[in-house]
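Given the structure is predicted, the values throughout are model-derived calculations rather than measurements.
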Amino acid sequence: MKKEVAMLKLRDRQWEVFDFNEIFEIKKGFYNKKPPCFDNGTIPFIGASDSNNGFTGFTTYSSIKANSKVGYGKNEPIEQKIYSGNAICVTNNGSVGYAYYQQHKFTCTHDVNPLYLKSKKLNRYIAMFLIGCIEKQRVCFTYARKWRPKRMVKSKLILPVTAEKIPDWQFMEDYMKQKEQQILKPTIERLCKRLIINDILGVSRCVPIGKHFTLLKFLPKFSVVNDLKKPTMRKVILPMYHQHPSITVLTDLLVMMAA
(Lines give C-alpha, C1' and ligand atoms only; values in the text may rest on other atoms or scores of the structure.)
Protein backbone atom coordinates (compact mmCIF):
# COMPACT_ATOMS: atom_id res chain seq x y z
CA MET A 1 0.00 0.00 0.00
CA LYS A 2 1.33 3.42 -0.93
CA LYS A 3 2.24 5.49 2.10
CA GLU A 4 0.57 8.89 2.23
CA VAL A 5 2.89 11.88 2.30
CA ALA A 6 2.31 14.24 5.20
CA MET A 7 0.80 17.54 4.04
CA LEU A 8 2.89 20.63 4.65
CA LYS A 9 1.09 23.31 6.65
CA LEU A 10 1.88 26.99 7.03
CA ARG A 11 0.78 27.10 10.65
CA ASP A 12 3.35 24.46 11.60
CA ARG A 13 6.24 26.74 10.70
CA GLN A 14 8.01 29.47 12.61
CA TRP A 15 7.89 32.85 10.91
CA GLU A 16 10.15 35.88 11.14
CA VAL A 17 10.07 39.46 9.86
CA PHE A 18 12.68 40.61 7.32
CA ASP A 19 13.40 43.90 5.59
CA PHE A 20 12.90 43.76 1.84
CA ASN A 21 16.52 44.70 1.23
CA GLU A 22 17.66 41.76 3.40
CA ILE A 23 15.98 39.35 1.00
CA PHE A 24 16.06 41.17 -2.34
CA GLU A 25 18.29 43.27 -4.49
CA ILE A 26 15.77 45.96 -5.39
CA LYS A 27 16.20 47.54 -8.81
CA LYS A 28 14.45 50.44 -10.48
CA GLY A 29 12.55 49.87 -13.68
CA PHE A 30 13.77 51.85 -16.68
CA TYR A 31 12.02 55.18 -17.15
CA ASN A 32 11.16 54.65 -20.78
CA LYS A 33 8.46 55.02 -23.35
CA LYS A 34 7.00 51.64 -24.32
CA PRO A 35 8.91 50.50 -27.42
CA PRO A 36 6.98 49.28 -30.47
CA CYS A 37 5.74 45.69 -30.15
CA PHE A 38 5.73 43.12 -32.93
CA ASP A 39 4.26 39.69 -33.65
CA ASN A 40 7.79 38.30 -33.97
CA GLY A 41 9.03 39.97 -30.78
CA THR A 42 10.77 37.81 -28.19
CA ILE A 43 11.36 40.19 -25.28
CA PRO A 44 8.32 40.88 -23.05
CA PHE A 45 7.55 44.42 -21.96
CA ILE A 46 6.31 44.46 -18.35
CA GLY A 47 4.04 47.31 -17.26
CA ALA A 48 2.02 48.36 -14.22
CA SER A 49 -0.75 45.86 -14.92
CA ASP A 50 -2.94 43.89 -12.52
CA SER A 51 -3.21 40.87 -14.84
CA ASN A 52 -1.55 38.77 -17.56
CA ASN A 53 1.67 38.48 -15.53
CA GLY A 54 2.33 42.18 -16.14
CA PHE A 55 2.86 41.46 -19.84
CA THR A 56 1.72 44.17 -22.26
CA GLY A 57 3.46 43.10 -25.49
CA PHE A 58 6.53 41.51 -27.10
CA THR A 59 9.24 43.72 -28.51
CA THR A 60 12.66 43.15 -30.08
CA TYR A 61 16.26 43.84 -29.08
CA SER A 62 16.72 46.30 -31.95
CA SER A 63 13.51 48.16 -31.06
CA ILE A 64 14.55 48.53 -27.41
CA LYS A 65 18.01 49.72 -28.45
CA ALA A 66 16.65 52.31 -30.90
CA ASN A 67 14.03 53.86 -28.61
CA SER A 68 15.04 56.41 -26.00
CA LYS A 69 13.39 57.35 -22.71
CA VAL A 70 10.74 59.55 -24.31
CA GLY A 71 10.99 58.23 -27.87
CA TYR A 72 13.44 60.85 -29.15
CA GLY A 73 16.61 62.71 -28.17
CA LYS A 74 19.37 61.26 -25.99
CA ASN A 75 19.41 57.47 -25.87
CA GLU A 76 20.61 55.26 -23.03
CA PRO A 77 22.75 52.09 -23.24
CA ILE A 78 20.82 48.90 -24.00
CA GLU A 79 22.19 47.38 -20.76
CA GLN A 80 20.05 49.83 -18.77
CA LYS A 81 16.88 48.74 -20.56
CA ILE A 82 17.00 44.92 -20.44
CA TYR A 83 16.79 42.94 -17.21
CA SER A 84 17.86 39.34 -16.64
CA GLY A 85 15.30 36.66 -15.85
CA ASN A 86 14.56 34.87 -12.57
CA ALA A 87 13.10 38.06 -11.14
CA ILE A 88 9.91 39.10 -9.38
CA CYS A 89 8.43 42.28 -10.83
CA VAL A 90 6.32 44.36 -8.42
CA THR A 91 4.12 47.18 -9.70
CA ASN A 92 4.74 50.42 -7.82
CA ASN A 93 2.24 52.71 -9.55
CA GLY A 94 -1.25 52.47 -11.02
CA SER A 95 -2.25 48.94 -10.02
CA VAL A 96 0.12 48.98 -7.05
CA GLY A 97 1.37 45.87 -5.26
CA TYR A 98 0.89 43.17 -7.90
CA ALA A 99 3.85 40.82 -8.27
CA TYR A 100 4.81 38.56 -11.19
CA TYR A 101 7.57 36.04 -11.79
CA GLN A 102 9.65 36.67 -14.90
CA GLN A 103 11.64 33.60 -15.89
CA HIS A 104 13.33 35.09 -18.95
CA LYS A 105 14.96 38.42 -19.74
CA PHE A 106 12.56 41.35 -20.12
CA THR A 107 12.26 45.11 -20.37
CA CYS A 108 9.92 47.15 -18.21
CA THR A 109 8.59 50.55 -17.29
CA HIS A 110 9.74 52.56 -14.25
CA ASP A 111 6.36 51.68 -12.70
CA VAL A 112 7.82 48.25 -11.95
CA ASN A 113 10.44 47.23 -9.36
CA PRO A 114 12.46 44.15 -10.47
CA LEU A 115 13.53 42.09 -7.42
CA TYR A 116 16.35 39.52 -7.32
CA LEU A 117 17.07 37.15 -4.44
CA LYS A 118 20.36 37.88 -2.68
CA SER A 119 21.22 34.52 -1.11
CA LYS A 120 19.31 31.95 -3.17
CA LYS A 121 18.73 31.18 -6.83
CA LEU A 122 15.10 31.90 -7.55
CA ASN A 123 12.79 29.37 -9.22
CA ARG A 124 9.10 29.55 -10.01
CA TYR A 125 8.03 27.67 -6.87
CA ILE A 126 9.91 29.92 -4.47
CA ALA A 127 8.76 32.90 -6.54
CA MET A 128 5.10 31.91 -6.21
CA PHE A 129 5.45 31.63 -2.44
CA LEU A 130 7.18 35.02 -2.18
CA ILE A 131 4.59 36.63 -4.43
CA GLY A 132 1.84 35.62 -2.01
CA CYS A 133 3.79 37.24 0.83
CA ILE A 134 4.56 40.39 -1.15
CA GLU A 135 0.99 40.96 -2.31
CA LYS A 136 -0.29 40.89 1.28
CA GLN A 137 1.05 44.45 1.53
CA ARG A 138 -0.93 45.68 -1.44
CA VAL A 139 -3.52 47.29 0.87
CA CYS A 140 -0.82 49.67 2.19
CA PHE A 141 -0.32 51.33 -1.20
CA THR A 142 -2.53 53.08 -3.71
CA TYR A 143 -2.14 55.16 -6.86
CA ALA A 144 -1.52 58.21 -4.66
CA ARG A 145 0.98 56.32 -2.45
CA LYS A 146 3.38 54.64 -4.82
CA TRP A 147 5.59 51.69 -3.79
CA ARG A 148 8.79 53.07 -5.27
CA PRO A 149 12.16 51.46 -4.34
CA LYS A 150 12.86 54.12 -1.68
CA ARG A 151 9.70 53.00 0.14
CA MET A 152 10.22 49.31 -0.60
CA VAL A 153 13.58 49.18 1.21
CA LYS A 154 11.68 50.12 4.38
CA SER A 155 8.94 47.53 3.82
CA LYS A 156 8.74 44.29 5.79
CA LEU A 157 8.32 40.69 4.65
CA ILE A 158 7.18 37.81 6.88
CA LEU A 159 8.70 34.44 5.89
CA PRO A 160 8.97 30.90 7.32
CA VAL A 161 12.40 30.22 8.81
CA THR A 162 14.66 27.35 9.77
CA ALA A 163 15.99 26.67 13.28
CA GLU A 164 18.85 29.04 12.40
CA LYS A 165 16.35 31.87 11.77
CA ILE A 166 17.10 32.11 8.06
CA PRO A 167 14.43 31.90 5.33
CA ASP A 168 13.39 28.28 4.79
CA TRP A 169 13.68 28.21 1.00
CA GLN A 170 13.26 24.43 0.81
CA PHE A 171 9.95 24.56 2.67
CA MET A 172 8.68 27.34 0.38
CA GLU A 173 9.57 25.30 -2.70
CA ASP A 174 8.11 22.03 -1.36
CA TYR A 175 4.93 23.73 -0.21
CA MET A 176 4.23 25.27 -3.62
CA LYS A 177 5.00 21.99 -5.40
CA GLN A 178 2.46 20.31 -3.14
CA LYS A 179 -0.14 22.99 -3.88
CA GLU A 180 0.47 22.61 -7.62
CA GLN A 181 -0.11 18.86 -7.41
CA GLN A 182 -3.32 19.37 -5.43
CA ILE A 183 -4.67 21.75 -8.06
CA LEU A 184 -3.61 19.72 -11.09
CA LYS A 185 -4.53 16.22 -9.85
CA PRO A 186 -8.33 16.35 -10.56
CA THR A 187 -7.74 17.83 -14.03
CA ILE A 188 -5.09 15.25 -14.91
CA GLU A 189 -7.36 12.40 -13.79
CA ARG A 190 -10.24 13.69 -15.94
CA LEU A 191 -7.97 14.09 -18.96
CA CYS A 192 -6.57 10.57 -18.54
CA LYS A 193 -10.08 9.10 -18.43
CA ARG A 194 -11.09 11.06 -21.51
CA LEU A 195 -7.98 9.95 -23.41
CA ILE A 196 -8.68 6.29 -22.59
CA ILE A 197 -12.30 6.57 -23.76
CA ASN A 198 -11.32 8.45 -26.93
CA ASP A 199 -8.63 5.88 -27.68
CA ILE A 200 -11.26 3.11 -27.64
CA LEU A 201 -14.22 4.88 -29.25
CA GLY A 202 -12.31 7.30 -31.45
CA VAL A 203 -11.84 11.05 -31.10
CA SER A 204 -15.18 12.82 -30.91
CA ARG A 205 -16.69 16.24 -30.48
CA CYS A 206 -20.21 17.64 -30.29
CA VAL A 207 -21.50 20.15 -32.83
CA PRO A 208 -24.98 21.76 -33.10
CA ILE A 209 -27.04 20.71 -36.13
CA GLY A 210 -30.42 22.41 -36.20
CA LYS A 211 -32.08 22.08 -32.80
CA HIS A 212 -30.10 18.96 -31.89
CA PHE A 213 -26.53 18.08 -31.04
CA THR A 214 -24.72 15.51 -33.12
CA LEU A 215 -21.67 13.54 -32.12
CA LEU A 216 -18.99 13.68 -34.81
CA LYS A 217 -16.77 10.66 -34.32
CA PHE A 218 -13.46 10.42 -36.13
CA LEU A 219 -12.43 6.78 -36.51
CA PRO A 220 -9.05 5.68 -37.90
CA LYS A 221 -8.91 3.84 -41.19
CA PHE A 222 -6.18 3.14 -43.73
CA SER A 223 -6.02 4.00 -47.43
CA VAL A 224 -3.53 2.50 -49.86
CA VAL A 225 -1.51 5.07 -51.80
CA ASN A 226 1.46 3.95 -53.88
CA ASP A 227 1.39 0.57 -52.15
CA LEU A 228 1.92 2.29 -48.77
CA LYS A 229 -0.66 2.35 -46.00
CA LYS A 230 -1.26 5.89 -44.84
CA PRO A 231 -3.58 6.59 -41.91
CA THR A 232 -6.50 8.92 -42.59
CA MET A 233 -9.63 9.81 -40.59
CA ARG A 234 -13.16 8.68 -41.36
CA LYS A 235 -15.98 10.87 -40.06
CA VAL A 236 -19.06 9.06 -38.70
CA ILE A 237 -22.13 11.08 -37.67
CA LEU A 238 -24.08 9.63 -34.75
CA PRO A 239 -27.24 11.50 -33.61
CA MET A 240 -26.98 11.89 -29.83
CA TYR A 241 -30.66 12.58 -29.21
CA HIS A 242 -31.58 9.01 -30.32
CA GLN A 243 -28.67 7.19 -28.77
CA HIS A 244 -29.12 3.41 -28.74
CA PRO A 245 -29.25 1.88 -25.21
CA SER A 246 -26.32 -0.39 -26.02
CA ILE A 247 -24.14 2.68 -26.72
CA THR A 248 -25.05 4.13 -23.34
CA VAL A 249 -24.19 0.89 -21.58
CA LEU A 250 -20.85 0.69 -23.43
CA THR A 251 -19.98 4.28 -22.57
CA ASP A 252 -20.77 3.75 -18.89
CA LEU A 253 -18.67 0.61 -18.89
CA LEU A 254 -15.72 2.41 -20.41
CA VAL A 255 -15.97 5.20 -17.85
CA MET A 256 -15.87 2.57 -15.08
CA MET A 257 -12.86 0.90 -16.69
CA ALA A 258 -11.07 4.24 -16.99
CA ALA A 259 -11.70 4.95 -13.30
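Residues Ile134 and Leu115 meet the side-chain proximity criterion, which asks for heavy atoms closer than 4.5 Å. A 4.5 Å side-chain heavy-atom check between Phe141 and Thr91 finds every atom pair outside the cut-off. Val161 places none of its side-chain heavy atoms less than 4.5 Å from the side chain of Asp168. Under the 4.5 Å side-chain criterion, counting only non-hydrogen atoms from C-beta, Met172 is in contact with Leu159. Within the 4.5 Å cutoff, the side chain of Met176 has no heavy atoms near those of the Arg124 side chain. Annotation: side chain of Phe24 is not in contact with side chain of Met152 (no heavy-atom distance under 4.5 Å). Between Ile43 and Tyr61 there is a side-chain heavy-atom pair separated by less than 4.5 Å. Taking 4.5 Å as the limit, every side-chain heavy atom of Ile46 sits out of range of all side-chain heavy atoms of Tyr83.
Under the 3.5 Å distance criterion, the side-chain polar atoms of Trp147 are left unmatched by any main-chain donor or acceptor of Asn113. Between the side chain of Thr107 and the main chain of Lys81, a donor-acceptor pair closer than 3.5 Å is present. Between the side chain of Asn53 and the backbone N or O of Tyr101, at least one donor-acceptor pair lies under 3.5 Å. Side-chain atoms of Gln178 come within 3.5 Å of backbone N or O of Leu8 as a donor-acceptor pair. A distance-only check finds no donor-acceptor pair linking the side chain of Gln14 to the backbone of Ala163 [under 3.5 Å]. No donor-acceptor distance shorter than 3.5 angstrom exists from the side chain of Ser84 to the backbone of Lys105, with no hydrogens or angles considered.
To the nearest 0.5 Å, atoms CD (Gln103) and CG (Asn123) are separated by 9.5 Å. Between the CZ atom of Phe20 and the CZ atom of Arg151 there is a distance of 14.0 Å, given to the nearest 0.5 Å.
Taking hydrophobic clusters as Ile, Leu, Val, Met, Phe, Trp and Tyr residues chained together by side-chain heavy-atom distances below 4.5 Å, Ile23 does not share a cluster with Tyr116. At a threshold of 4.5 Å between side-chain heavy atoms, the hydrophobic network of Ile, Leu, Val, Met, Phe, Trp and Tyr places Ile78 and Val112 in two separate groups. Linking ILVMFWY side-chain heavy atoms closer than 4.5 Å, directly or via other members, places Phe38 and Ile82 in two distinct hydrophobic clusters. The cluster map of Ile, Leu, Val, Met, Phe, Trp and Tyr, joined by side-chain heavy atoms under 4.5 Å apart, puts Tyr175 and Met128 in the same cluster. Residues Leu157 and Tyr100 fall into different hydrophobic clusters, defined by Ile, Leu, Val, Met, Phe, Trp and Tyr side chains chained together at heavy-atom separations under 4.5 Å.
Stacking of Arg13 on the aromatic ring of Phe171 is recorded, both the 6.0 Å distance cut-off and the 45° axial limit being met.
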| Asp111 and Lys28: salt bridge (Lys or Arg N to Asp or Glu O under 4.0 Å), yes or no, with the steps? | CA-CA 8 Å; Asp111 291 330; Lys28 296 180 180 179; over 6 Å; no
| said: Show, in sequence, the C-alpha distance, side-chain angles and deciding distance for Thr59 and Asn67, and conclude whether the side chain to side chain contact (heavy atoms under 4.5 Å, CB included) test is met. | reply: CA-CA 11 Å; Thr59 185; Asn67 280 267; over 6 Å; no
| message | Before you tell me yes or no, could you show the steps for Leu130 and Leu122 under side chain to side chain contact (heavy atoms under 4.5 Å, CB included), namely the whole-Å CA-CA distance, both residues' side-chain angles and the distance that decides it to 0.1 Å? | response | CA-CA 10 Å; Leu130 291 172; Leu122 190 66; 4.1 Å; yes
| request: Applying side chain to side chain contact (heavy atoms under 4.5 Å, CB included), run through Asn93 and Arg148 and close with a yes or a no. | output: CA-CA 8 Å; Asn93 188 24; Arg148 298 292 193 198; 4.2 Å; yes
| request: Evaluate the side-chain hydrogen bond (donor to acceptor under 3.5 Å, both in side chains) criterion for residues Lys146 and Asn92: first the C-alpha distance (whole Å), next the side-chain angles of each, then the deciding distance (0.1 Å), finally the verdict. | output: CA-CA 5 Å; Lys146 308 180 193 305; Asn92 63 51; over 6 Å; no
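The number of heavy atoms from other shown groups lying within 6.0 Å of NZ (Lys9) does not exceed 12. Other residues, nucleotides and ligands place more than 12 heavy atoms under 6.0 Å from the CG atom of Asn40. Annotation for Leu184: atom CG counts as buried by contact number, over 12 foreign heavy atoms lying within 6.0 Å.
Here the closest heavy-atom approach between residue Ser155 and residue Gln137 is recorded as CB-OE1, 3.9 Å. Contact detail for Cys108 and Gly29: the closest heavy-atom pair is SG-CA, 3.8 Å. In this structure, Ser95 and Ser49 approach most closely via the heavy-atom pair CB-C, 4.2 Å. In plain terms, the two heavy atoms of Lys27 and Pro149 that are nearest each other are O-CG, 4.3 Å.
Tyr125 meets the side chain to side chain donor-acceptor pair (under 3.5 Å) test with Glu180; sequence neighbours excluded. The ring pair (Phe, Tyr, Trp, His ring centres under 6.0 Å) test applied to Tyr98 returns no partner, not counting sequence neighbours. The ring pair (Phe, Tyr, Trp, His ring centres under 6.0 Å) test applied to Phe58 returns Phe55, not counting sequence neighbours. Partners of Lys177 according to the side chain to side chain donor-acceptor pair (under 3.5 Å) rule, which considers only residues two or more places apart in sequence or in another chain, are Glu173. Checked against side chain to side chain donor-acceptor pair (under 3.5 Å), Asp19 has the following partners two or more places apart in sequence or in another chain: Lys156. For Phe45, the ring pair (Phe, Tyr, Trp, His ring centres under 6.0 Å) criterion is met by no residue, not counting sequence neighbours.
One finds no salt bridge joining Asp174 and Lys179 here, because no Lys/Arg side-chain nitrogen approaches an Asp/Glu carboxylate oxygen to under 4.0 Å.
Exactly one of Gln170, Lys121, Lys120 qualifies for a side chain to side chain contact (heavy atoms under 4.5 Å, CB included) with Ile126. That residue is Lys120.
Ring pair Phe129/Trp15 is parallel by interplanar angle, where below 30° counts as parallel and above 60° as perpendicular.
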